[in-house]
Participant: 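Pasting a structure here, questions to come.
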Amino acid sequence: MNRLAQATSPYLLQHADNPVDWHPWGEEALARAAAEDRPILLSVGYAACHWCHVMAHESFEDEQTAARMNELFVNVKVDREERPDLDALYMDAVVTLTGHGGWPMTVFLTPEGEPFYGGTYFPPEPRHGLPSFRQILEAVAEAYRDRRGDVTRTAEELVAAIRSGSEARPSTDPLTESIVGDAVRGLARVFDPVWGGFGGAPKFPPASALELLMRRGELDMVSRTLDAMAAGGMYDLVGGGFHRYSVDERWLAPHFEKMLYDNALLVPAYLHGWLLTGTARYREIVEETVEYMLRELALPEGAFASSQDADTEGVEGLTYTWTPDEAWPDVAPLLEPFEHGRSIIRGDLTAETRARLLAIRAERPQPGRDDKAIASWNGLALAALAETGRRLDRPDWLDAARRLADFLLGPLSTDGRLRRSFRAGRATGTGYLDDYANAAHGFYELHMATGELRWLEESRRLALVAVDLFADDERGGFFMTPADGERLVARTKDLDDNPIPSGNSMLAYVLLRLSRIYGEDELERRAVSVFRLLAPSLARTPSFFAWTLCALDLHFSPPREIAIVGRPEDDVARAALAAFDPNAVVAFGPADGVPLLEGKTRVDGKPTVYVCERFACQAPITEPAELTDPAALRS
């Protein structure tokens with residue numbers, strides 16, 4: 001066993017028996033590289049990554065390749081999910097060098113941690129225009145030994161390019177609502193009118209873009225995409241939940257890994273689609289996906305696991321695909337060819353057929369599960385559970401949301417600060433910007449769902465801690481790493497909303513909501529600083545910044561504050577919160593210390609709703625019918 005045997009990350013443990021002398025990232029590896037004057041070979045991946053498994057089998061498990069790696073380099077293995085800061089930093093370098101990125105990622109560094117060469121997957125033999133991994137090893141080692149000056153210059157240039165992205169100055173042009181409209185038109189230009197989604201294959205689920213379009217009333221693009229994604233293939237018709245992405249334009253053949261974050265984002269997207277269109281199938285997708293999360297990703301501590309593997313026993317999709325002899329007559333017409341004589345189910349399944357298929361599938365070997373709990377992704381899951389539990393009247397889901405919230409504040413926190421990851425009884429790593437932003441978002445949604453004040457208070461507390469730890473007071477926006485965190489060769493900012501909302505966009509969204517509840521202009525100013533950093537890019541590449549555009553849409557919306565003195569289950573509260581109104585903010589009282597709730601009491605002892613704009617409130621409402629009467633709302 002190598003040095004990874006003591007890790008908690010399932011991805012690192014997958015490599016603990018490699019003949020490669022792997023180090024985890026840390027001072028020991030950097031010091032050894034400096035002492036022996038050897039470059040670092042940094043390999044970054046994650047447990048559910050299909051091509052990571054392929055490269056591991058082809059190269060890292062090969063004795064000869066491993067021996068050469070051990071002779072020439074100090075080898076470091078990183079789980080990108082545990083260390084998003086390292087992943088982002090060195091992915092920027094790879095994209096700068098090659099024009100594209102992905103995993104597995106292989107980057108060569110100086111002993112100081114400066115990148116000078118890298119790429120993604122390298123095959124064991126030359127093919128498709130790619131050199132073999134062994135050829136890369138020899139060429140990089142030779143360059144480091146014989147052309148050190150060139151290596152140093154390349155490293156300096158790459159580090160300067162990476163730093164420039166975080167040192168960009170904010171735009172001084174006025175922020176206008178036309179930015180959002182232009183972005184929506186930009187999405188329409190790349191929309192696939194046949195299969196939905198944006199652009200061609202491969203297709204990733206565009207949850208944030210769908211949320212933006214729903215805010216703007218563009219329901220045709222939304223419905224076509226929701227329908228196509230749910231048809232079967234990328235969506236698991238048998239067990240519920242979404243695979244990572246589709247390799248084709250039809251959403252049919254996926255890479256079969258299932259990620260917590262995709263499902264946590266697609267649950268509210270389908271929920272909101274159901275609210276706006278009334279399409280019953282969208283509600284079914286919500287219910288099936290939440291059931292999948294609770295059945296297969298829930299952990300005993302109350303959190304959710306990170307992912308399920310794409311492969312079973314080394315074969316991609318083996319658990320999820322079918323042979324003709326496994327399908328009875330009413331299922332056989334639904335089989336779509338995949339590979340190796342196996343097929344994907346696509347079409348309509350009755351509840352009975354679905355249950356029978358799931359029972360059969362449960363007897364098969366199952367894909368591996370990465371059972372570490374990531375704070376950021378669990379924050380997204382908390383938001384999804386809370387809103388769906390509220391809207392679909394599922395108290396059991398709300399109980400699960402409370403358990404998850406207690407986990408985030410308990411095992412996944414130390415001295416009031418979030419940790420990144422939890423597994424095997426240990427919390428590890430510092431909390432990053434997206435951990436705080438997504439957890440704060442989840443706590444706010446839990447407050448809306450339960451009416452319990454503590455969750456609103458925790459949302460605000462975490463948001464303020466995030467401002468203190470991550471804000472760039474000089475240029476605006478927020479860094480990914482805390483001010484007192486590990487010093488890397490560059491301190492970067494996470495700005496694009498792929499595959500999940502960036503820490504910057506989600507924190508901006510949370511700060512805007514809190515600013516309207518607490519009347520704190522400074523929170524709004526911090527949010528606007530994010531928009532100014534990204535203003536030149538928002539309309540030009542909207543699919544990369546869709547959640548930022550949702551936050552900007554909130555910023556431009558007329559303030560609508562709803563103060564409720566009562567409980568979410570009260571009829572008047574249900575009526576106030578029934579519609580899809582993403583730009584409204586809500587606080588439940590009575591409560592002291594929350595400006596929106598100050599002075600708000602029950603009227604005649606009844607639960608009461610106050611509809612306000614910039615804290616100027618209309619007449620209190622105690623009857624649900626009044627909330628659907630425009631004249632009453634204007635009185």
Side-chain angles (χ1 to χ4, degrees), residues 168-187 208-218 268 272 383 433-434 436-438 440-441 444-445 448 459-460 463-464 466-467 470-472 475-478 493-497 501-562 580-587 595-596 611-616:
R169 293 286 175 179
S171 170
T172 57
D173 294 336
L175 292 172
T176 65
E177 192 170 2
S178 64
I179 294 173
V180 182
D182 290 343
V184 169
R185 286 185 286 276
L187 286 173
S208 295
L210 295 176
E211 296 284 6
L212 174 65
L213 294 173
M214 284 188 276
R215 287 168 169 270
R216 306 295 289 191
E218 300 287 345
H272 300 155
L433 175 63
D434 62 317
Y436 284 85
N438 291 339
H441 172 55
Y444 174 84
E445 290 292 342
M448 283 186 64
S459 178
R460 180 172 180 269
L464 294 178
V467 170
F470 302 101
D472 182 348
R475 299 176 182 86
F478 302 91
K493 290 178 181 174
D494 174 27
L495 295 169
D496 66 273
D497 296 323
S502 71
N504 271 273
S505 65
M506 184 58 81
L507 188 58
Y509 186 71
V510 169
L511 292 175
L512 287 172
R513 294 172 111 183
L514 293 173
S515 73
R516 295 187 177 185
I517 293 171
Y518 285 92
E520 294 178 306
D521 292 340
E522 174 63 13
L523 301 185
E524 181 177 13
R525 187 186 72 79
R526 294 284 189 179
V528 170
S529 77
V530 173
F531 305 145
R532 293 199 177 282
L533 282 180
L534 290 171
S537 304
L538 294 178
R540 187 168 63 246
T541 51
S543 61
F544 285 92
F545 304 106
W547 193 255
T548 306
L549 288 156
C550 289
L552 190 60
D553 183 65
L554 170 62
H555 173 61
F556 286 127
S557 69
R560 177 175 164 83
E561 305 116 19
I562 301 175
F580 176 66
D581 189 3
N583 289 333
V585 299
V586 179
L596 179 59
V611 179
C612 312
E613 182 174 333
R614 295 185 178 88
F615 293 85

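The first residue in the sequence is number 1, and the count goes up from there. Quantities reported herein were computed from a predicted structural model and do not represent experimental measurements.
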Participant: In Å and rounded to the nearest 0.5 Å, what is the CG to CG distance from L464 to L523?
Facilitator: 6.0 Å
Participant: Once side chain to side chain donor-acceptor pair (under 3.5 Å) is applied, do any residues pair with R185, and if so which ones, sequence neighbours excluded?
Facilitator: D182
Participant: Are D494 and F478 side-chain neighbours, meaning at least one heavy-atom pair lies under 4.5 Å?
Facilitator: no
Participant: Let me have the donor-acceptor pairs involving side chains of residues 527-550, under 3.5 Å, with sequence neighbours excluded, atom names and distances please.
Facilitator:
| from | atom 1 | to | atom 2 | distance (Å) |
| --- | --- | --- | --- | --- |
| S529 | OG | G477 | N | 3.0 |
| S529 | OG | R526 | O | 2.6 |
| R532 | NH1 | D173 | O | 3.1 |
| S537 | OG | R540 | NH2 | 3.4 |
| R540 | NH1 | P536 | O | 2.7 |
| T541 | OG1 | S537 | O | 3.1 |
| T548 | OG1 | D497 | OD2 | 3.2 |

Participant: List the atom pairs, donor and acceptor, that lie under 3.5 Å between side-chain atoms in residues 507-519 and the rest of the protein, sequence neighbours left out.
Facilitator:
| from | atom 1 | to | atom 2 | distance (Å) |
| --- | --- | --- | --- | --- |
| Y509 | OH | R215 | NH2 | 3.0 |
| R513 | NH1 | E445 | OE2 | 3.2 |
| R513 | NH2 | E445 | OE2 | 3.2 |
| S515 | OG | L511 | O | 3.4 |
| S515 | OG | L512 | O | 2.7 |
| R516 | NH1 | S557 | OG | 3.3 |
| R516 | NH2 | L554 | O | 2.9 |
| R516 | NH2 | H555 | O | 3.4 |
| R516 | NH2 | S557 | O | 3.3 |

Participant: Once ring-ring contact (aromatic ring centres under 6.0 Å, His included) is applied, do any residues pair with F580, and if so which ones, sequence neighbours excluded?
Facilitator: H272
Participant: Salt bridge (Lys or Arg N to Asp or Glu O under 4.0 Å) between R216 and E177: does it pass, once the steps are laid out?
Facilitator: CA-CA 12 Å; R216 306 295 289 191; E177 192 170 2; 3.6 Å; yes
Participant: Side chains of L213 and E211, heavy atoms from C-beta outward: is any pair under 4.5 Å?
Facilitator: no
Participant: Taking E561 for its side chain and F615 for its backbone only, find out whether a donor-acceptor pair lies under 3.5 Å.
Facilitator: yes
Participant: How far apart are the closest heavy atoms of S505 and S502, and which atoms are they?
Facilitator: N-OG, 3.0 Å
Participant: Just to verify, what does Y444 make a ring-ring contact (aromatic ring centres under 6.0 Å, His included) with, not counting sequence neighbours?
Facilitator: none
Participant: With a 4.5 Å limit on heavy-atom distance, are the side chains of M506 and D434 in contact?
Facilitator: no
Participant: In chain order, what residues pass the side chain to side chain donor-acceptor pair (under 3.5 Å) check against R475, with sequence neighbours excluded?
Facilitator: none
Participant: Let me confirm one number: the CG-CG distance from N583 to D553, rounded to the nearest 0.5 Å.
Facilitator: 5.0 Å
